[in-house]
Amino acid sequence: MAKVTLTVNGRSMSGECEDRTLLVHFIREKLGLTGTHVGCDTTQCGSCVIHMDGKSVKSCSILAVQASGSTITTIEGLAGNGELHPVQAAFKEHHGLQCGFCTPGMVMTAVDMINRHGGSLDEPTVRHELEGNICRCTGYHNIVKAILSANAEMHSGRQAAE
Ligand code: FES
Ligand code: FES
């Protein structure tokens with residue numbers, strides 16, 4: 001057993017787990033943050049994407065012990081004071097989700113891609129950057145629209161919450 005300490009959504013959290021425990025299971029089962037999902041066992045679907053030290057990562061492909069000491073943001077930490085993050089609001093407005101299972105990972109990926117590309121994000125780049133996130137419901141089109149809309153909003157004065 002190992003002790004894992006993380007800063008999660010701005011709060012210090014710790015727990016014990018086996019050395020083999022995946023970060024996604026630690027987040028869901030030890031920390032009770034079940035917005036982060038598991039959709040595959042081959043690191044393809046991206047429903048487990050979180051931010052670790054500011055970068056989007058697939059939390060199913062990292063051991064919890066490897067992440068110890070890092071700063072994590074999950075989907076639960078994105079909204080500030082009950083107000084949706086612009087990417088969350090855009091997914092809602094543009095109907096970028098149906099079952100919602102891929103959505104937490106999609107949103108975390110989208111925030112990271114917007115942060116990295118600044119105001120220059122375009123549709124081909126969004127589609128390319130979404131190659132690590134699979135959705136079985138939407139056909140992606142409304143997800144792309146939502147991300148481009150959020151990008152425009154976030155680079156017209158209202159900056160991202162993180
Ligand atoms: S659970 Fe599918 S990529 Fe992580
Ligand atoms: S909304 Fe159902 S998998 Fe994407």
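Computed from a predicted model, the values in this text were never measured in an experiment. Counting starts at 1 for both ligands and their atoms, following the listed order.
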Checklist entry - Would you say the side chain of V126 lies within less than 4.5 Å of the side chain of E123, judging by non-hydrogen atoms? => result no
Checklist entry - Near C60, which atoms of ligand 1 are under 4.0 Å from a heavy atom of that residue? => result 1 (S), 3 (S), 4 (Fe)
Item to check | Enumerated ligand 1 atoms positioned under 4.0 Å from heavy atoms of G39 | outcome: 1 (S)
Checklist entry - Can you list the ligand 1 atoms lying under 4.0 Å from a non-hydrogen atom of C45? => result 1 (S), 2 (Fe), 3 (S)
Item to check | 4.5 Å side-chain heavy-atom contact, L33 and N9 | outcome: yes
Checklist outcome for this item: Of C48, G46, C40, G132, the residue with the heavy atom nearest atom 4 (Fe) of ligand 1 is C48
Checklist entry - With no hydrogens and no angle check, is any side-chain donor or acceptor of T74 less than 3.5 Å from a backbone partner on I50? => result no
Checklist outcome for this item: Minimal heavy-atom distance between F91 and A110, with the atoms involved, is CE1-CB, 4.5 Å
Checklist entry - Under 2.8 Å from atom 2 (Fe) of ligand 2, protein N/O/S atom count? => result 2
Checklist entry - Would you say the side chain of C99 lies within less than 4.5 Å of the side chain of R136, judging by non-hydrogen atoms? => result yes
Next on the checklist: A side-chain contact here means heavy atoms from C-beta on lying under 4.5 Å apart; do H128 and E131 qualify?
Outcome noted: yes
Checklist entry - Within a strict 4.5 Å, meaning less than it, do heavy atoms of the T73 and V111 side chains meet? => result no
Item to check | Under 4.0 Å to a heavy atom of T43 - the qualifying atoms of ligand 1, by number | outcome: 3 (S)
Next on the checklist: Using side-chain heavy atoms (C-beta onward) and a distance below 4.5 Å, is L78 in contact with I75?
Outcome noted: yes
